[in-house]
Amino acid sequence: MSWEILEINQPHVAKMISNSMRKGRIAHAYLFEGQKGTGKKEAALLFAKRLFCLTNLYKEPCETCVNCRRIQSGNHPDVHLVTLDGNSIKKQQIEQLQEEFTKTAVESNRKLYIIEHADQMTVQAANSLLKFLEEPSEKTVAILLTEQFHRILPTIVSRCQILSFHPLPTERICAYLQEHGVPRQLAILAARVTNNVEEALRLSQDDWFAQARKIVIQLYEALNSEYVQALLVIQQHWLSHFANKEQMHIGLDLLLYLYKDLLYVLLGEEQHIAYGDCMKQFQRSRFLYSEKQIAQHMKVILQAKARLHTNMNPQLLMEQLVLQLREGSAFV
Ligand SMILES: [Zn+2]
């Protein structure tokens, strides 16, 4: 993530960081809180780069100097990242960090550490950290990251400056993608699949994604005609295109948004639909489904997504889904 992207994604966070750097008022500890995918870790790394950048000290990092590059690759001796050891962050990890920080900074007069999943510190680890935070050093900056703010000890929270990260509105991502030449029909779907601007751009510029969209429409059309047709789409196109779990998630999301569109059409809210070019099919199928049936279809797609985590055979999973999507429709 670049500074420019941070300004688009989390404008208030970018502004807060810029202001404190400019005024020389850098806090000893920050708590970055917000949902997964809102770019907290990337923002923490950008913060570190701003502190250590050799070209633009305290300004937007250059991303090319040796410090920026070492922070990016996790090799800067004065920037430490603590992350989960198994399911938790353990006391020894915090103690190691403290030990590291009693030494003087190797290369500059500053040190910075980032603790990912700070809500998953064991009680002992949290108490060790608390002691550490109670004796702030001028030269030390802590950045704690969490998706579960309410699980952080209040005594820790009170010692941190809190920066909240918000999910980006879909429309804003969509507009950004269109500014970068992505056609609206792909931009709107990519913006729904991911809340990360860079990922959405990469996805929407990939032919794979346009093809994925076509296969999803094909499956939907087959589901509305013959059961065997739908199975053929699965066997001939779906399984080879959505070849791994991550791709399957995207495929099922795209299918989910298609049924959601159908619901919009039924409710007379066509302005929200993502598959604008399928309007004719939707108009036809509006007589085939009730709102309740569409809601049921969306539910089984979500269940299939959940089943991806159980390592179920993908072919079996999709065939079951097709069967469930046929059930209760006007054809059975
Ligand atoms: Zn730099």
Side-chain angles (χ1 to χ4, degrees), residues 1-34 36-83 96-118 132-133 136-146 160-166 168 173 176 179-180 194-202 205:
M1 195 203 272
S2 65
W3 191 265
E4 184 203 356
I5 294 282
L6 181 68
E7 282 176 334
I8 295 170
N9 279 355
Q10 306 293 338
H12 62 290
V13 170
K15 204 171 170 190
M16 278 285 298
I17 296 175
S18 293
N19 284 346
S20 55
M21 296 260 175
R22 208 177 45 241
K23 293 175 186 159
R25 280 196 216 135
I26 299 160
H28 298 299
Y30 292 87
L31 181 59
F32 289 4
E33 68 92 14
K36 187 175 173 6
T38 45
K40 297 179 293 298
K41 185 175 170 186
E42 291 86 349
L45 291 174
L46 282 168
F47 191 113
K49 287 175 193 165
R50 277 192 86 137
L51 270 186
F52 290 93
C53 180
L54 297 170
T55 318
N56 301 324
L57 191 65
Y58 297 172
K59 295 199 181 114
E60 293 173 21
C62 73
E63 302 283 351
T64 50
C65 73
V66 61
N67 277 356
C68 282
R69 281 187 284 126
R70 283 192 301 180
I71 290 168
Q72 187 61 37
S73 58
N75 291 321
H76 195 290
D78 296 326
V79 177
H80 294 260
L81 176 71
V82 179
T83 189
Q96 267 172 20
L97 191 68
Q98 282 168 300
E99 202 176 307
E100 189 61 44
F101 275 71
T102 52
K103 299 175 196 161
T104 43
V106 181
E107 294 194 7
S108 58
N109 56 358
R110 275 193 184 278
K111 275 177 172 281
L112 179 142
Y113 61 95
I114 300 166
I115 302 182
E116 269 191 297
H117 303 287
F132 200 19
L133 291 175
S137 145
E138 279 295 306
K139 310 290 182 196
T140 299
V141 179
I143 304 178
L144 314 187
L145 314 180
T146 183
C160 296
Q161 183 172 340
I162 298 154
L163 291 183
S164 294
F165 286 62
H166 304 293
L168 206 58
I173 301 178
Y176 177 83
E179 279 161 26
H180 284 75
T194 172
N195 200 248
N196 178 318
V197 165
E198 282 175 310
E199 202 182 313
L201 186 61
R202 186 186 54 75
Q205 288 177 334

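Just follow the structure's listing: the first ligand is 1, and inside any ligand the first atom is 1. These numbers come from a predicted model, not from an experiment. Position 1 is the first residue of the sequence, and the numbers go up from there.
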_Walk me through whether Ser164 and Glu33 qualify under side chain to side chain donor-acceptor pair (under 3.5 Å)._
CA-CA 5 Å; Ser164 294; Glu33 68 92 14; 2.6 Å; yes
*Looking at Phe32, is Lys40 sitting on its ring face, NZ or CZ under 6.0 Å from the six-membered ring centre and within 45 degrees of the normal?*
no
*Check whether any side-chain heavy atom of Phe47 lies under 4.5 Å from a side-chain heavy atom of Met21, and answer yes or no.*
yes
_Nearest heavy atoms of Leu145 and Ala44, plus distance in Å_ = CD2-CB, 4.2 Å
*Starting at CZ of Arg69, measure out to NZ of Lys49 and round the result to the nearest 0.5 Å.*
11.5 Å
_Exam field: side chain Asn196 to backbone Glu199, donor-acceptor pair closer than 3.5 Å_ = yes
_Could you enumerate the protein N, O or S atoms under 2.8 Å from the Zn ion (ligand 1), written like residue then atom name?_
Cys53 SG, Cys62 SG, Cys65 SG, Cys68 SG
